[in-house]
Enquirer: 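Below is a structure I'd like to ask you about.
Here, residue 1 is the first one in the sequence, and each next residue gets the next number. Keep in mind it's a predicted model, so treat the numbers as computed, not measured.
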Amino acid sequence: NRAVLYYQIGKFDLALRDFNHLIQVNPRPSLDYNNRGNVLKVLERYDEAIRDYTKAIEHDSNFLLAYTNRASVYIAEGQYELAMKDFDHVFKHDPTNFLAFHDRAFLYQRQGDNDAALRDLSQAITINPNYAESYFFRSQIYRDLGRFQEALSDAEKAQSLRINVEESYLKELKSHL
């Protein structure tokens, strides 16, 4: 729909306007609340984003993506317990949700538990080996831990999956080998 297109091209004010309209006319607006929450998250209007994800969940308690999205905002806000609660809910209903594993890795990294972050990213990759973002994020953690060969391997894999990996990052990793 047009609101999603506006979001994708970065016209967030127009995306918000269209999502507001969709929510008013749609009798089951879970997806629209979730998508408006995504726009609000990009704009760093976190309280509003959390409200929209919560409304999406209230309209459809099985909408696991809204839980994962809300958890990512909780992480940005430093509300780690609430984020973990949302991730626990997702895994209870879908233990193979690669996106939840990927996003929970951010929580673990923020808490300083790189081993748990690496486990979650490895699990996300096992479930969806074509999700480049998990390889790149894992590469960054490996780099921070001084595990440069593993970091380079993951960065190159992410690049092969069509994520834009800066040449300077690759050179940095190679310089440590």
Side-chain angles (χ1 to χ4, degrees), residues 1 3-4 6-8 12 15-16 18-142 144-145 154 158 161 163:
N1 70 35
V4 172
Y6 283 142
Y7 172 78
Q8 292 171 337
F12 301 120
L16 278 175
D18 280 8
F19 283 126
N20 290 339
H21 174 73
L22 288 169
I23 288 167
Q24 289 176 351
V25 299
N26 189 346
R28 298 186 49 87
S30 298
L31 183 60
D32 298 323
Y33 275 118
N34 181 76
N35 289 338
R36 188 173 71 178
N38 291 341
V39 174
L40 294 165
K41 179 172 66 170
V42 168
L43 295 173
E44 297 182 1
R45 292 166 53 181
Y46 296 134
D47 290 340
E48 293 171 85
I50 289 169
R51 267 195 301 276
D52 273 2
Y53 294 135
T54 300
K55 287 179 183 177
I57 291 164
E58 288 169 356
H59 284 277
D60 181 358
S61 63
N62 295 316
F63 191 17
L64 298 180
L65 181 59
Y67 285 94
T68 302
N69 287 336
R70 186 173 68 178
S72 70
V73 176
Y74 284 147
I75 294 168
E77 289 279 282
Q79 298 181 49
Y80 301 142
E81 288 181 22
L82 292 173
M84 189 60 80
K85 185 177 175 185
D86 277 354
F87 286 130
D88 288 345
H89 179 84
V90 171
F91 291 128
K92 179 181 175 184
H93 292 86
D94 181 6
T96 62
N97 190 308
F98 78 92
L99 189 57
F101 279 109
H102 175 89
D103 288 355
R104 189 173 68 175
F106 283 103
L107 171 62
Y108 286 134
Q109 183 195 39
R110 286 271 182 98
Q111 293 177 317
D113 191 347
N114 285 326
D115 290 334
L118 288 172
R119 277 193 306 275
D120 270 9
L121 289 167
S122 295
Q123 185 64 27
I125 289 167
T126 297
I127 296 166
N128 185 353
N130 296 315
Y131 193 62
E133 288 81 357
S134 291
Y135 288 100
F136 187 67
F137 185 22
R138 191 171 70 175
S139 170
Q140 293 172 312
I141 294 174
Y142 281 145
D144 293 346
L145 295 173
D154 274 359
L161 293 170
I163 196 170

Enquirer: When rounded to the nearest 0.5 angstrom, what distance separates OG in Ser30 from NZ in Lys55?
Expert: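 Rounded to the nearest 0.5 Å, the OG-NZ separation comes to 12.5 Å.
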Enquirer: Measure across Tyr80 and Ile75 and return the closest heavy-atom pair with its distance rounded to 0.1 Å.
Expert: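 Where Tyr80 meets Ile75 most closely, the heavy atoms are CE2-O, 3.7 Å.
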Enquirer: For Asn1, enumerate each residue passing the side chain to side chain donor-acceptor pair (under 3.5 Å) test, keeping only those at least two apart in sequence or located in another chain.
Expert: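 For Asn1 there are no side chain to side chain donor-acceptor pair (under 3.5 Å) partners, ignoring immediate neighbours.
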Enquirer: List the residues meeting ring-ring contact (aromatic ring centres under 6.0 Å, His included) with Phe91, not counting sequence neighbours, and say none if there are none.
Expert: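 By the ring-ring contact (aromatic ring centres under 6.0 Å, His included) rule, Phe91 matches Phe101.
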Enquirer: Give me each pair satisfying salt bridge (charged side-chain N to carboxylate O under 4.0 Å, His left out) with a member in residues 108-130, each pair once, sequence neighbours excluded.
Expert: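 Only Arg104-Asp120 qualify under salt bridge (charged side-chain N to carboxylate O under 4.0 Å, His left out).
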Enquirer: May I ask you to test the Asn114-Tyr108 pair for a side-chain heavy-atom distance under 4.5 Å?
Expert: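 A side-chain contact is absent here, since even the closest heavy-atom pair is not under 4.5 Å.
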Enquirer: Which heavy atom in Ala83 sits nearest to a heavy atom in Ala71, and how many Å separate them?
Expert: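 Nearest heavy atoms, Ala83 then Ala71: CB-O, 3.6 Å.
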Enquirer: Atom CE in Met84, atom CG in Leu82: separation rounded to 0.5 Å?
Expert: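 So the CE of Met84 and the CG of Leu82 are separated by 11.5 Å.
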Enquirer: Quick one: side chains of residues 132-141, donor-acceptor pairs under 3.5 Å with protein atoms, not counting sequence neighbours, listed by atom name and distance.
Expert:
{"residue": "Ser134", "atom": "OG", "partner": "His102", "partner atom": "ND1", "Å": "2.8"}
{"residue": "Tyr135", "atom": "OH", "partner": "Pro129", "partner atom": "O", "Å": "3.1"}
{"residue": "Arg138", "atom": "NE", "partner": "Asp154", "partner atom": "OD2", "Å": "2.4"}
{"residue": "Arg138", "atom": "NH1", "partner": "Ser122", "partner atom": "OG", "Å": "2.9"}
{"residue": "Arg138", "atom": "NH2", "partner": "Asp154", "partner atom": "OD1", "Å": "2.9"}
{"residue": "Arg138", "atom": "NH2", "partner": "Asp154", "partner atom": "OD2", "Å": "3.2"}
{"residue": "Ser139", "atom": "OG", "partner": "Ala151", "partner atom": "O", "Å": "2.7"}
{"residue": "Ser139", "atom": "OG", "partner": "Tyr169", "partner atom": "OH", "Å": "2.7"}

Enquirer: Listing request: all salt bridge (charged side-chain N to carboxylate O under 4.0 Å, His left out) pairs with a residue in residues 71-94, at least two apart in sequence or in separate chains.
Expert: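 Output for this query lists Arg70-Asp86.
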Enquirer: To the nearest 0.5 Å, how far apart are CZ in Phe106 and CG in Leu121?
Expert: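 The distance works out to 8.0 Å.
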Enquirer: Side chain to side chain donor-acceptor pair (under 3.5 Å) with Asp18: which residues, sequence neighbours excluded?
Expert: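 For Asp18 the side chain to side chain donor-acceptor pair (under 3.5 Å) partners, ignoring immediate neighbours, are Arg2.
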Enquirer: Begin with the C-alpha distance, continue with both residues' side-chain angles, and end with the deciding distance and a verdict on side chain to side chain contact (heavy atoms under 4.5 Å, CB included) for Asn130 and Phe98.
Expert: CA-CA 11 Å; Asn130 296 315; Phe98 78 92; over 6 Å; no
Enquirer: Can you name the closest pair of heavy atoms from Ala15 and Ala3 and give their distance?
Expert: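 Residues Ala15 and Ala3, closest heavy atoms: CB-O, 3.6 Å.
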Enquirer: Please identify each residue that fulfils side-chain contact (heavy atoms from CB on, under 4.5 Å) with Ser72, with sequence neighbours left out.
Expert: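 side-chain contact (heavy atoms from CB on, under 4.5 Å) check on Ser72 returns Lys41.
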Enquirer: Sequence neighbours excluded, which residues qualify as side-chain contact (heavy atoms from CB on, under 4.5 Å) partners of Leu43?
Expert: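 Partners of Leu43 under the side-chain contact (heavy atoms from CB on, under 4.5 Å) test: Phe12, Leu16, Val39, Arg45.
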Enquirer: I'd like to check the salt bridge (charged side-chain N to carboxylate O under 4.0 Å, His left out) partners of Asp52; sequence neighbours left out, ordered by chain and number.
Expert: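 Testing Asp52 for salt bridge (charged side-chain N to carboxylate O under 4.0 Å, His left out), a comparison that skips the adjacent residues, returns Arg36.
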Enquirer: Filter on ring-ring contact (aromatic ring centres under 6.0 Å, His included), then keep only pairs touching residues 38-69, sequence neighbours left out; what's left?
Expert: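 Checked against ring-ring contact (aromatic ring centres under 6.0 Å, His included) - neighbours excluded - the pairs reaching residues 38-69 are Tyr33-His59, Tyr67-His89.
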Enquirer: How long is the gap from CG on Asn69 to CG on Leu99, to the nearest 0.5 Å?
Expert: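 One finds 7.5 Å between CG of Asn69 and CG of Leu99.
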Enquirer: Under 4.5 Å between any side-chain heavy atoms of Leu31 and Leu22, yes or no?
Expert: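 In short, these two side chains do not touch, never coming nearer than 4.5 Å.
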Enquirer: What's the shortest heavy-atom distance between Ile127 and Asn97, and which atoms?
Expert: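 In terms of heavy atoms, the two residues are closest at CD1-N, 4.5 Å.
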Enquirer: Report yes if some heavy atom in the side chain of Val73 is under 4.5 Å from a heavy atom in the side chain of Leu40; otherwise report no.
Expert: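 Result no, sub-4.5 Å side-chain heavy-atom pair not found.
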